[in-house]
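A short write-up of the structure that comes next.
These figures come from a predicted structure and were not determined experimentally. For the numbers below, each heavy atom of this structure counts, side chains included, while hydrogens, waters and symmetry mates do not. Quick note on labels: first sequence line is chain A, next is B, and so on, each numbered from 1.
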Amino acid sequence: MPHWLLKTEPSEYSYDDLERDGSTLWNGISNALAQKHLRTFQLGDRAFLYHTGKEKAIVGIVEVTGPPEADSDAENDKAVAVRVKAVKRLPRPVILAEIKADPAFAEWELVKQARLSVMPCPATLWKKVVSLSKGA
DNA sequence: GCCAACGTTGGC
DNA sequence: GCCAACGTTGGC
């Protein structure tokens, strides 16, 4: 089961908002590579939610609750959106600085390609982030 | 607030 | 189809 990372600007839509809503349609993704990733999402896949802007931290885990569907808001009629639900907040946020400080993450798009908003998260990195979130 | 990185647009 | 100009994102 693949894992992912979704970015969001918390002043626009935060993990708090998702917890309040229960689930939301993750739409408005226009970048071609991000769309390519989004199209391969499957029911039950899990993703980290990352807050950009002031926070720059992975804050929680979400789960895909349906297959990719047409993003009816998008100008591009091939664009897809995916419904996700909140699973759990991480015990503590894992900030970008500590991710960058660890060479294990050096090849991850989160570090290498700052502007990509939907990306895969290799299983080893997933475990590492979860483990970091349990630390001090 | 600045700017590097990257994507998109449009003239040729 | 190339590439210069421009716009956007997001870290700093």
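A:Leu96 comes within 4.0 angstrom of sugar-phosphate atoms only, judged by non-hydrogen atoms across all strands, and of no base. When heavy atoms are screened at a 4.0 angstrom cut-off, A:Glu9 is found touching no nucleic acid atom at all. Residue contacts shown for A:Lys100 are limited to sugar-phosphate atoms, with no base heavy atom under 4.0 Å away.
Applying the salt bridge (charged side-chain N to carboxylate O under 4.0 Å, His left out) rule to pairs touching residues 104-116 of chain A yields A:Glu107-A:Lys112, sequence neighbours excluded.
Using modelled atom types, one side-chain atom of A:Thr8 and one backbone atom of A:Tyr13 make a donor-acceptor pair closer than 3.5 Å.
A donor atom on one side chain and an acceptor atom on the other are not found under 3.5 Å apart for A:Arg83 and A:Thr65.
A:Phe48 pairs by the ring pair (Phe, Tyr, Trp, His ring centres under 6.0 Å) definition with A:Trp126, not counting sequence neighbours.
The side chain to side chain contact (heavy atoms under 4.5 Å, CB included) test with A:Ile58 singles out one residue from A:Leu5, A:Leu132, A:Leu96, and that residue is A:Leu5.
When DNA chain B is scanned in the 5' to 3' direction for atoms under 4.0 Å from non-hydrogen atoms of chain A, the outermost contacting nucleotides are B:dA5 to B:dG7.
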